[in-house]
Number of protein chains: 2
Amino acid sequence: MGRKRTKSGKIRLAEVAELAGVSPITASRFFRNPEALSVAKRTRVESAAKELGYVPNLAARALASQRTEVIGVLIPSLTNNVFSDVLRGIYDASEGSRYSIQLSNTRYSILQEEKLLRLFLAQKPAGLIVTGIDQTAESRAMLEAADCPIVQIMEIGPNPVDMMIGFSHYDAARAAVAHLFAQGRRRIGFVGARMDPRVQRRLDGYVSAMKDAGLFEQRLVVTTGTPTSVTLGGALFTDLLAREPDLDAVFCANDDLALGVLFECRRREFEVPEQIAIVGFNDLEFMASAVPTLTSVRTNRYEMGKTAASMLIEAIEGRRPEQPVLDLGFKVIERQSSTSRPSDNRPALTGGGAPNKMVALPSSHD
Amino acid sequence: MGRKRTKSGKIRLAEVAELAGVSPITASRFFRNPEALSVAKRTRVESAAKELGYVPNLAARALASQRTEVIGVLIPSLTNNVFSDVLRGIYDASEGSRYSIQLSNTRYSILQEEKLLRLFLAQKPAGLIVTGIDQTAESRAMLEAADCPIVQIMEIGPNPVDMMIGFSHYDAARAAVAHLFAQGRRRIGFVGARMDPRVQRRLDGYVSAMKDAGLFEQRLVVTTGTPTSVTLGGALFTDLLAREPDLDAVFCANDDLALGVLFECRRREFEVPEQIAIVGFNDLEFMASAVPTLTSVRTNRYEMGKTAASMLIEAIEGRRPEQPVLDLGFKVIERQSSTSRPSDNRPALTGGGAPNKMVALPSSHD
DNA sequence: GTCGTTGCTGGTAGCGCTGTCAACGATCCT
DNA sequence: AGGATCGTTGACAGCGCTACCAGCAACGAC
């Protein structure tokens with residue numbers, strides 16, 4: 001029977017409808033599909049809602065419609081700079097849309113991911129963004145059975161669950177090594193930390209490139225499972241030198257490690273790039289600013305997040321992208337740290353070293 | 001009437017109750033307040049839920065109970081390293097609890113903050129974490145009228161809305177300058193970017209310390225509203241030198257700027273610390289690893305986030321903290337970049353410079 | 001023995017919204 | 001002109017859960 005107004009004084013859809021002189025269901029439609037209303041009613045409902053300061057109750061909407069307007073995001077780490085760029089893209093793309101982001105951290109554990117996935121799916125999310133392509137079989141099955149669009153981000157691989165956006169870490173690593181070969185470097189070490197699947201694929205790319213050139217040796221590779229840091233870069237480089245003093249280059253699995261290697265070189269008074277060339281991965285902002293400027297592999301992290309969320313939202317709203325798998329590629333940004341002759345355009349005022357050359361490569365899927 | 005089972009085959013509370021041989025309401029209580037049940041029923045419901053793989057429908061719960069289990073978090077930026085540490089703490093503390101985090105980005109706009117706040121509050125969050133103490137009057141009023149616990153983070157000030165956790169940026173900056181004075185530095189420049197309220201208070205602290213010593217000059221201060229970066233640190237330092245070539249130290253509003261200054265010094269072949277001392281702010285990981293190691297003001301960002309979320313959850317559950325305002329303090333971590341005689345314990349292997357000395361100060365509220 | 005009191009359990013009645021279907025007039029086609 | 005179609009609107013019946021209150025047994029106090 002007629003409850004006139006909820007005790008909390010909250011404005012409900014019914015109040016808006018009453019003021020606008022329409023039925024509640026018409027008011028409801030105004031918020032979900034305004035085009036379906038005649039212009040007259042549309043404006044009436046609109047002004048009534050504004051006048052009352054109506055804000056929809058999302059819980060009621062979710063319960064009645066059997067779906068939420070939540071996009072679930074599963075990422076392995078919040079610490080990592082790389083993910084914060086991706087996240088920023090995701091949040092930017094979701095802003096202004098009706099969807100809200102629900103973030104969960106898998107801590108690089110695919111079992112944790114499976115658990116979170118189960119939790120997420122039980123709440124019928126509007127869409128899902130998951131990191132990488134290495135889910136458990138169980139997770140994979142859940143994803144395939146899910147009745148919402150899904151985007152896998154960070155890398156690309158052969159069997160997308162639904163949509164996929166990323167690049168080939170394997171190819172990117174090969175390109176970095178190829179760049180070092182082109183500069184005449186032969187004894188190239190690899191430094192990697194927290195060997196998640198993507199770092200592992202970078203290592204694989206490095207190994208394959210080195211093997212192709214007949215230059216691979218196991219002792220050129222130093223890795224650890226511990227989380228990455230600048231300090232760790234210096235420590236791993238020290239280990240590497242202990243095993244193999246005769247290096248002429250180091251390829252680092254990320255930029256923090258590369259910066260750590262640079263500092264360690266400085267401590268040891270190694271000339272960079274004359275004695276040791278350094279190449280990082282991700283092209284964080286500081287790479288262009290270091291002395292010498294540091295070569296890195298640029299990846300489009302922000303764009304990846306933003307595009308993933310946009311594609312997802314489009315798909316949720318029924319407009320599936322024509323291209324469900326997007327390779328964002330990468331670029332080897334060649335800077336002083338790996339070019340034998342230090343770059344001429346040495347920056348004077350801004351403190352930023354301009355990239356010398358760019359080599360753009362689409363990553364070829366395998 | 002008797003709907004036996006939802007078409008989607010989803011397990012509802014009613015199914016669990018039926019299997020356990022209890023009423024739905026008893027099953028409901030099991031999930032909210034297990035102690036209220038007799039041990040026999042408790043175990044029956046528990047095993048029934050597990051057997052059926054029951055997952056509660058949060059939308060229905062929220063609708064029926066008129067409250068959600070969402071903690072709203074309003075932060076000004078996702079880019080900033082500082083906030084990613086805070087967020088990590090928040091997520092860590094919320095993990096394992098029933099509460100989920102809803103994050104929104106105010107982009108350093110208090111009007112945007114007000115808008116988001118209105119949106120959040122309409123959904124009746126269980127609790128709220130907001131950044132800083134500079135809300136609009138309207139926001140402030142909404143916060144005070146909100147019927148959920150609230151924590152303000154990042155700084156402390158005189159009139160907490162509810163709870164508050166942070167430290168005094170003003171005092172921290174004063175301590176940094178005092179450290180430089182103690183090292184015999186007199187002509188200390190200030191470099192700051194994206195002058196948000198907290199950076200502004202650091203500047204205020206710097207100015208007051210300099211004035212106290214009779215050393216303040218306006219041209220020692222270079223700031224900009226643009227977002228911070230390593231490259232920008234070099235550029236601002238360059239500007240500062242143009243205005244005032246006779247510097248013996250630079251206090252940077254954050255560590256990225258400090259690293260940029262260090263690189264710029266290297267480019268100009270300035271000796272650090274002999275010619276120029278550098279002090280940063282936040283003590284990001286790389287500061288200990290740079291060459292020379294960089295002095296900074298350590299702030300407990302992760303702990304701040306974690307404690308904020310813990311306090312909030314405790315308060316939501318009715319256990320208000322005895323101490324609603326928590327000053328986490330700061331430490332000036334003295335390293336090579338600002339100590340006239342470079343430290344003896346020059347690191348050999350790990351690439352990390354050990355902090356020489358620590359000066360711990362609780363920040364006194366004003 | 002009566003009367004609270006406490007501990008546990010269940011019934012009823014929604015929470016605020018939307019899916020579905022039906023109804024209505026207007027428009028279009030043959 | 002008659003029927004089909006479209007665009008627009010509203011009535012009804014829940015979505016799955018919990019707040020509220022009532023009931024019932026067991027117990028102790030007097």
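In what follows, chains are A, B, ... by sequence order, proteins preceding strands, each numbered from 1. These figures come from a predicted structure and were not determined experimentally.
Between B:Gln66 and D:dC17 there is no side-chain N or O to OP1 or OP2 distance below 4.0 Å. Considering only side-chain N and O atoms, B:Ser28 lies under 4.0 angstrom from the phosphate OP1 or OP2 of D:dT18. The shortest distance between the side-chain N/O atoms of B:Arg67 and the OP1/OP2 oxygens of D:dT18 is not below 4.0 Å. Between A:Thr26 and D:dG10, a side-chain N or O to OP1/OP2 separation shorter than 4.0 Å is present. OP1 and OP2 of D:dT8 both lie 4.0 Å or more from every side-chain N or O belonging to A:Ser38.
The interatomic distance linking B:Asn33 (CG) with C:dC8 (P) rounds to 10 Å, in whole Å. Rounded to whole Å, the distance from CZ on A:Arg61 to P on C:dG19 is 10 Å. Straight-line distance from the CG atom of B:Leu13 to the C1' atom of D:dT18: 9 Å, rounded to whole Å. Between the P atom of D:dC17 and the CG atom of A:Leu58 lies a distance of 19 Å, rounded to the nearest Å. When rounded to the nearest whole Å, the span between CG of A:Leu63 and C1' of D:dT18 equals 12 Å. The nearest whole Å value for the distance from the CZ atom in B:Phe31 to the P atom in D:dA19 is 15 Å. The NZ atom of A:Lys41 sits 14 Å away from the P atom of C:dG25 (whole-angstrom rounding).
The number of heavy-atom neighbours closer than 6.0 Å to CG of B:Asp147, taken from other residues, nucleotides and ligands shown, is 12 or below.
Residue A:Arg42 is classed as having no contact, given no heavy-atom separation below 4.0 Å to the nucleic acid. A:Ala62 comes within 4.0 angstrom of nothing in the nucleic acid, heavy atoms only. A:Ala59 comes within 4.0 angstrom of nothing in the nucleic acid, heavy atoms only. Heavy atoms of B:Tyr54 sit under 4.0 angstrom from primed sugar atoms or phosphate atoms, though from no base atom.
Taking every side-chain heavy atom of B:Ala64 into account, D:dT18 is the closest of D:dT18, C:dT18, C:dC17. When distances run from any side-chain atom of B:Ile25 to the nucleotides D:dT9, D:dC20, C:dC17, the shortest one goes to D:dC20.
At a cut-off of 3.5 angstrom, counting only N and O atoms as typed in the model, there is a donor on one side and an acceptor on the other between the side-chain of B:Arg29 and the base of C:dG10.
By the 4.0 Å N-to-carboxylate-O rule, B:Arg42 lies too far from B:Glu35 to be salt-bridged with it.
A:Ser23 and A:Thr26 are linked by a side-chain donor-acceptor pair at a separation below 3.5 angstrom, with hydrogens and angles left out of the test.
Of the two residues contacting DNA chain C, namely B:Ser65 and B:Gly21, the nearest-nucleotide position lying further toward the 5' end is that of B:Gly21.
Note on ring orientation: taking the six-membered ring where Trp is involved, the planes of A:Phe83 and A:Tyr108 are perpendicular (angle over 60°, cut-offs 30° and 60°).
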